[in-house]
Amino acid sequence: MSKLPLSFYQKEDVVVVAKQLLGKLLFTNINGKLTGGIITETEAYDGVVDKACHAYGGRNTNRTATMFLNGGITYVYLCYGIHHLLNAVSGKEGNPQAVLIRAIEPTVGVEIMLQRRKMEKLAPRITAGPGALSQALGIDKNLNAKDFLSNEIWIEDAKAYEDEKIVATTRIGVAYAQEHALWPFRFYIKGNKYVSKPNS
DNA sequence: TTCCCGATTTACT
DNA sequence: GTAAATCGGGAAA
């Protein structure tokens, strides 16, 4: 398998990127520790027109500047003062779109992930949920604005899921975005155990 | 500089 | 089911 090219992320429609990322393989190699798995859940954040997006209305600050860059890089930020959340920036430069990676199914480096999560044995909650996933993979804001062809974090190509295996629903934790909270911008793989909240 | 609050998780009752 | 933890960003002053 090979790494996804930057052109994959630079499509105009972030929703398409979010759907196509399902089933791809996300890896990190932090301090020589290789971990990774299959992406099972994503959410799209559609730039300046999306009230749930940090860059809504063209808000360009130290934090959100990363999203305005060309697609194919990471956007990592701290939420609730505790959790690092991993996004894949998409679209072209100046168009602040991003895909939140919410969950993976671990396949490589499970022992390392168990240690990082302080867990005794494997359970879905190890990587089901954006904060949990980042902790398991060793992601923090030092990985912000890295491109997805780096040696620390990357995504490899894999067979795409058929549409009937993909569930589209509303996003999590964005009630403050009013009517935009109803947009069906969350995608996950039907029946997979490594999904943060299957019912919504 | 101050104040408010969040793209969550976990440990309780 | 409900609440606490915890800190940096963004807006206002």
Side-chain angles (χ1 to χ4, degrees), chain A residues 9 14-15 17-19 21-22 26 37 39-69 71 73-91 95-106 113-146 153 155 167-189 193-200:
Chain A
Y9 306 93
V14 65
V15 172
V17 178
K19 274 180 77 170
L21 276 175
L22 290 175
L26 171 67
I39 297 174
T40 56
E41 183 179 355
T42 62
E43 283 181 6
Y45 285 82
D46 192 13
V48 297
V49 300
D50 182 358
K51 286 185 183 175
C53 181
H54 291 159
Y56 171 66
R59 190 165 49 203
N60 189 337
T61 64
N62 281 342
R63 177 174 65 153
T64 62
T66 308
M67 273 199 285
F68 286 81
L69 300 177
I73 62 174
T74 61
Y75 169 48
V76 180
Y77 78 98
L78 188 63
C79 187
Y80 294 99
I82 304 172
H83 306 287
H84 294 278
L85 272 58
L86 172 67
N87 297 252
V89 176
S90 78
N95 190 3
Q97 300 178 327
V99 177
L100 172 66
I101 313 291
R102 290 190 54 88
I104 66 170
E105 177 181 339
M113 291 191 252
L114 286 171
Q115 272 182 17
R116 284 180 178 146
R117 298 277 289 128
K118 296 184 171 63
M119 290 171 62
E120 301 272 315
K121 61 175 197 173
L122 190 59
R125 54 178 279 264
I126 189 173
T127 51
L133 173 157
S134 296
Q135 190 181 352
L137 293 184
I139 293 167
D140 61 26
K141 62 182 184 177
N142 292 324
L143 283 183
N144 187 38
K146 298 276 185 193
I153 183 166
I155 297 177
V167 181
T169 182
T170 53
R171 293 175 290 187
I172 304 288
V174 294
Y176 66 89
Q178 303 167 34
E179 71 275 17
H180 294 178
L182 300 177
W183 289 358
F185 277 12
R186 173 169 175 249
F187 305 96
Y188 64 88
I189 296 171
K193 289 189 176 62
Y194 295 90
V195 169
S196 59
K197 294 181 182 175
N199 314 308
S200 64

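Letters A, B, ... mirror the listed sequences (proteins, then strands); counts begin at 1.
- Partners of A/F68 according to the side-chain contact (heavy atoms from CB on, under 4.5 Å) rule, which considers only residues two or more places apart in sequence or in another chain, are A/A55, A/N60, A/T64, A/P96.
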For every nucleotide of nucleotides 1-13 of chain C, 5' to 3': is a protein heavy atom under 4.0 Å from its base (B), only from its sugar-phosphate (S), or from neither (-)?
-> ----BBB-SSS--

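- For the pair A/M119 CE and B/dT9 C1', the interatomic distance rounds to 13 Å; values are reported in whole Å.
- Within the structure, the salt bridge (charged side-chain N to carboxylate O under 4.0 Å, His left out) test picks out the following pairs touching residues 47-66 of chain A (sequence neighbours left out): A/D50-A/R171, A/K51-A/E179.
- For A/N87, the side chain to side chain donor-acceptor pair (under 3.5 Å) criterion is met by no residue, not counting sequence neighbours.
- Taking the side chain as every heavy atom from C-beta outward, A/V99 and A/V14 approach each other to under 4.5 Å.
- Residues satisfying the ring pair (Phe, Tyr, Trp, His ring centres under 6.0 Å) test with A/Y194, not counting sequence neighbours, are none.
- The nearest whole Å value for the distance from the CZ atom in A/R186 to the C1' atom in B/dT8 is 13 Å.
- In this entry the distance linking CG of A/L85 with C1' of B/dC5 reads 15 Å, nearest Å.
- Taking the 5.5 Å centre cut-off and the 30° plane limit, the aromatic side chain of A/Y176 is not classed as stacked on B/dG6.
- When every heavy atom of A/G47 is checked against every heavy atom of A/C53, the shortest pair comes out as O-CB, 3.5 Å.
- Applying the side-chain contact (heavy atoms from CB on, under 4.5 Å) rule to A/A103 yields the partners A/T40, A/E41; only residues at least two apart in sequence or on another chain are considered.
- Residue pairs satisfying the side-chain hydrogen bond (donor to acceptor under 3.5 Å, both in side chains) criterion with at least one member in residues 120-135 of chain A, sequence neighbours excluded, are listed as follows: A/R117-A/Q135.
- Pairing each heavy atom of A/H180 with each of A/V49, the nearest pair is CE1-O, 3.1 Å.
- In terms of phosphate contacts, A/R117 brings a side-chain nitrogen or oxygen within less than 4.0 Å of OP1 or OP2 of B/dT10.
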Tabulate below the donor-acceptor pairs under 3.5 Å that side-chain atoms of residues 75-85 of chain A make, not counting sequence neighbours, or state none.
residue	atom	partner	partner atom	Å
A/Y75	OH	A/H54	ND1	2.9

Look for any protein N or O under 3.5 Å of an N or O in nucleotides 11-13 of chain B and output each such pair with its distance, or none.
none

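- Across all their heavy atoms, A/I39 and A/I104 have their closest contact at CA-CG2, 4.0 Å.
- In this structure the side chain of A/L133 reaches within 4.5 angstrom of the side chain of A/I101, judged on heavy atoms.
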Could you provide the dot-bracket string of DNA chain B, using ( ) for intrastrand pairs, [ ] for crossing pairs and | for bases paired to another strand, with Watson-Crick or G-U pairs below 3.5 Å?
-> ||||||.|||||.

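- For DNA chain B, the neighbouring residues in residues 129-138 of chain A, judged by any heavy atom under 4.0 Å, are A/G129, A/P130, A/G131, A/A132.
- Listed by chain and number, the residues in a side-chain contact (heavy atoms from CB on, under 4.5 Å) with A/L69 are A/I73 (sequence neighbours excluded).
- At whole-Å resolution of the value, CD1 in A/I139 and C1' in B/dT8 are 15 Å apart.
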